[in-house]
2 protein chains.
Amino acid sequence: MSLTHYLKNTVPFPAEELADIISHFERESVQKNKPLVREGQVCAKLYFIEKGVGRSYSLKEAGKEVTQWFFVEGQFMSSIESFFQQNPSLYYLEMLENAVLYSITREKLDLLFARYHNMEKLGRLLSTEMLTRVANKLNAIQFQTARERHDYMLAEFPNIANRVALGHIASYLGMTQETLSRIRRANP
Amino acid sequence: MSLTHYLKNTVPFPAEELADIISHFERESVQKNKPLVREGQVCAKLYFIEKGVGRSYSLKEAGKEVTQWFFVEGQFMSSIESFFQQNPSLYYLEMLENAVLYSITREKLDLLFARYHNMEKLGRLLSTEMLTRVANKLNAIQFQTARERHDYMLAEFPNIANRVALGHIASYLGMTQETLSRIRRANP
DNA sequence: TGAATTATTTGACATAGGTCAAAAGAAACC
DNA sequence: GGTTTCTTTTGACCTATGTCAAATAATTCA
């Protein structure tokens, strides 16, 4: 889904606002597995994914990678707390496939928030939506068994199973890859 | 903390905007343990807590209550997804102490969002802040041991331990009350 | 294509935290 | 103030999922 399309569908921007907003984004082609942000850096940009899948992850003891979130086409991607609070990021951000992104810096975004009431509304709606998604995952992680969490994931990210490594999904779901592998075997 | 004070501290509202905004809220004294919202109802109001502690919780098998979140003085409280998406609430909402709240309906809030760009910004900032909090809890629940989660809770809700029942805190932290009791004994 | 690398599956065993039951302590109420 | 009710603690035992290690399977790339 294109950025223009996405914006129009979310808030009814007048054409000239839309054009100005889009003009503040920059198109980027990025290669898979090249970190967009590293842990400890302040995340400088908010990305919109036109094509590709991305993830945020962190390194635990013994260099073990733990995936925190997946981002797919038609979604915004960032190390959200870092980008909005300008704190050092707790996560790495990378694309898992060669991808096409549209990026915007914090300054430009703030300018757009201040300039257009509609844009501020978009920001509010996106935050609220993300809040709902994170709350859903929290619910899954806190109250569901490994198998139920696997089902939650299929609903939240349909078809991601075919695009990303089992180990990434397992850590996203808070289980080992051995456990996920056994669940897949048991679930037809 | 009063609502006026809180609003002023978050976004620099001109005095007349502030007065108009405040006038759309209603002061309510509510008794402890009386549900403000029941599971399955659409949550009609957003509350600001001037005095008291509240929680959201749901009923699991065998009528077991599971606390999902705590809300303290100077915070907004609601069944957030229900209030903003107008879906049936997944949770009950109640105060755990006799309390003083300021409430606003969705219609009035939407009117304020549309009327004042500043208000939209407040909404965005609150969403983002809540998102950060939920993400922090998710991180704790997913990656930390029972003992570390207990420490996370002390940081997120300092001093709540003295105000609410151990069983409520245990279920909030995703552990049994027996486990929380043993942690408290072990941690001086 | 075939060797090297990386990802997934399988098996044997360990453990944090759960469950169930009962005792001890607090709080509420007549 | 003593009885009832609710909350917290303690103990014995159990289980879902983790850990470690090794065997397959799938990808990558010379």
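Each chain gets a letter, A, B and so on, in the order the sequences are listed, and its residues count up from 1. Only this structure's heavy atoms are used, side chains among them; waters, hydrogens and symmetry mates stay out. No experiment lies behind these values; they were computed from the predicted model shown.
- When the nucleotides D/dG18, D/dT8, D/dT10 are ranked by their closest atom to the side chain of B/Arg182, D/dT10 comes out on top.
- Protein atom CD1 of B/Ile183 is 15 Å distant from nucleotide atom C1' of D/dT10, rounded to whole Å.
- Considering only heavy atoms from C-beta on, B/Ile160 stays 4.5 Å or farther from B/Tyr172 through its side chain.
- Note: CE (A/Met175) to C1' (D/dA16) measures 11 Å, nearest angstrom.
- Heavy-atom neighbours of A/Lys60 NZ from other residues, nucleotides or ligands within 6.0 Å: above the threshold of 12.
- With respect to the salt-bridge test (charged N to carboxylate O, under 4.0 angstrom), the residues B/Glu120 and A/Lys121 do not qualify.
- In summary, B/Glu156 and B/Lys137 do not engage in a salt bridge, as defined by a charged side-chain N under 4.0 Å from a carboxylate O.
- The residues A/Arg55 and A/Glu65 are annotated as salt-bridged, a charged nitrogen and a carboxylate oxygen being separated by less than 4.0 angstrom.
- In this structure, A/His150 atom NE2 and D/dT17 atom C1' are separated by 16 Å, rounded to whole Å.
- Atom CD in A/Gln144 sits roughly 15 Å away from atom C1' in D/dA16 (whole-Å rounding).
- A/Arg149 has its CZ atom 12 Å from the C1' atom of D/dG18, to the nearest Å.
- Close approach of DNA chain C to chain B, defined as any atom under 4.0 Å from a non-hydrogen atom of the protein, starts and stops at C/dG17 to C/dA21.
- Between D/dG18, D/dT8, D/dG11, one nucleotide has an atom nearer to the side chain of B/Glu178 than all others, and that is D/dG11.
- One atom, CD1 of B/Ile169, and another, P of D/dT9, lie 11 Å apart when rounded to the nearest Å.
- Between the P atom of D/dA26 and the CZ atom of A/Arg184 lies a distance of 13 Å, rounded to the nearest Å.
- Distance, A/Asn162 CG to D/dA26 P: 15 Å, rounded to whole Å.
- Between B/Arg185 and D/dT9 there is no side-chain N or O to OP1 or OP2 distance below 4.0 Å.
- Ion pairing between a basic and an acidic side chain is recognised when a charged N comes within 4.0 Å of a carboxylate O; B/Lys51 and B/Glu28 show no such pairing.
- Of the charged side-chain nitrogens involved, none lies within less than 4.0 Å of a carboxylate oxygen, so that A/Arg147 and A/Asp151 do not count as a salt-bridged pair.
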